[in-house]
Asks: 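First the structure, then my questions, so here it is.
All residue numbers refer to positions in the sequence shown, counting from 1. This structure is a prediction, so every number in the text was calculated from the model and none was measured. Numbering of ligands and ligand atoms starts at 1, following listing order.
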Amino acid sequence: MTDALTSAQMRNIEQTAIDGGKVTGLELMDRAGKAVVKAIFETWPDLLNAPRRAGILAGPGNNGGDGFVIANRLRDYGWDVEVFHYGDIDKMPPDAKVNALAFANAGGVVSPIIPFEGRDMRFADPPTDVWIDAFFGIGLTRPLPEEVRAAFLSISYERNWQSNKLVAVDILSGIDADTGERLTEFPLKPDMTVTFHAPKIGHLEGEGADWCGQLIVKNIGL
Ligand SMILES: NC(=O)C1=CN([C@@H]2O[C@H](COP(=O)(O)OP(=O)(O)OC[C@H]3O[C@@H](n4cnc5c(N)ncnc54)[C@H](OP(=O)(O)O)[C@@H]3O)[C@@H](O)[C@H]2O)[C@@H](O)CC1
Ligand SMILES: [K+]
């Protein structure tokens with residue numbers, strides 16, 4: 001496993017590649033989202049044999065942008081996809097907004113996360129096969145908002161009754177990528193974390209090492 005990076009080191013590598021004209025941020029986001037989908041099908045190939053349902057937990061930043069790339073990709077596979085967005089598409093960073101608008105304009109369902117409160121997630125119908133945690137990645141700066149923690153709790157109820165998978169995009173939301181500290185206490189461990197280019201300190205240190213599930217590092221051409 002190559003040396004773990006801090007979030008600042010990762011951003012520097014990305015920015016250097018973008019400034020050098022080697023790649024655009026949008027291309028990196030596209031590669032990242034597609035890498036998550038590839039990792040899902042490589043890890044659970046039976047998910048390929050029938051259209052499934054995915055719930056995408058998307059945040060306000062570029063981690064959320066990855067979530068919308070994943071949402072678009074799974075719709076291409078004929079999946080039933082619903083995005084639960086903690087954020088406002090209009091206020092997303094430009095690359096994320098492009099992917100969010102592509103999803104919404106193609107008829108993708110974008111719901112606020114509050115409905116989890118009203119929904120009895122234990123018996124979701126149809127059951128969700130895969131939950132994607134794209135709330136926050138390396139840009140997490142403080143403990144999760146209460147409604148985000150509550151959304152995770154709703155899914156944890158469902159996981160008691162339904163066999164679904166939880167995949168963390170880049171890092172489980174709530175884990176500090178630079179220390180592995182769990183900034184918010186909640187009960188959900190992902191089945192898998194897909195990160196990009198190299199592991200981050202937060203995947204290997206502190207509690208982060210125990211809150212990854214299977215850690216997959218995907219090359220995004222940096
Ligand atoms: N070229 C690229 O950049 C690529 C990026 N990629 C992807 O982007 C991710 C990094 O994206 P990012 O820098 O936008 O950070 P992200 O983790 O989405 O969150 C930032 C937003 O959340 C907010 N926020 C933070 N903490 C919060 C809290 N506790 N509660 C509430 N809000 C909170 C924060 O707001 P603020 O802290 O400014 O108030 C800001 O709005 C990275 O992990 C990877 O997945 C890949 O596609 C590869 C190419
Ligand atoms: K995440």
Asks: Could you check whether Arg53 makes a cation-pi contact with Trp79, meaning its NZ or CZ is under 6.0 Å from the centre of the six-membered ring and within 45° of the ring axis?
Replies: no
Asks: Any idea which N/O/S atom from Asp133 gets closest to the K ion (ligand 2)?
Replies: O
Asks: Among Trp131, Phe84, Phe135, Phe136, which residue satisfies the ring pair (Phe, Tyr, Trp, His ring centres under 6.0 Å) criterion with Phe152?
Replies: Phe135
Asks: If you draw a 6.0 Å radius around NZ in Lys38, do more than 12 non-hydrogen atoms from other residues or ligands fall strictly inside?
Replies: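 Counting other residues, nucleotides and ligands, NZ of Lys38 stays at 12 neighbours or fewer.
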Asks: How long is the straight-line distance from NZ of Lys165 back to CD1 of Ile40, given to the nearest 0.5 Å?
Replies: 11.0 Å
Asks: Using a 4.0 Å cut-off on heavy atoms, what residues surround ligand 1? Order them by chain and number.
Replies: Arg11, Glu14, Leu28, Met29, Ala32, Pro60, Gly61, Asn62, Asn63, Asp66, Phe136, Gly137, Ile138, Gly139, Leu140, Thr141, Arg142, Pro143, Pro145, Asp170, Phe196
Asks: What angle, to the nearest 10°, do the atoms O (Val169) and O (Phe136) form about the K ion (ligand 2)?
Replies: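 O of Val169, the K ion (ligand 2) and O of Phe136 span an angle of about 110°.
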Asks: Could you tell me the angle subtended at the K ion (ligand 2) by OG of Ser173 and O of Ile171, rounded to 10°?
Replies: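 Reported to 10°, the angle equals 100°.
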Asks: Check whether Phe103 forms a cation-pi arrangement with Arg75 (NZ or CZ under 6.0 Å from the six-membered ring centre, at most 45° off the ring normal).
Replies: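 Checked: cation-pi criterion met.
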Asks: Apply the test side chain to side chain contact (heavy atoms under 4.5 Å, CB included) to residues Met29 and Lys34: give CA-CA distance (whole Å), side-chain angles for both, the deciding distance (0.1 Å), then the verdict.
Replies: CA-CA 8 Å; Met29 182 170 287; Lys34 287 176 177 169; over 6 Å; no
Asks: State, without any angle test, whether Lys218 and Thr195 hold a side-chain donor-acceptor pair at a distance under 3.5 Å.
Replies: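 Absent: no donor and acceptor within the cut-off.
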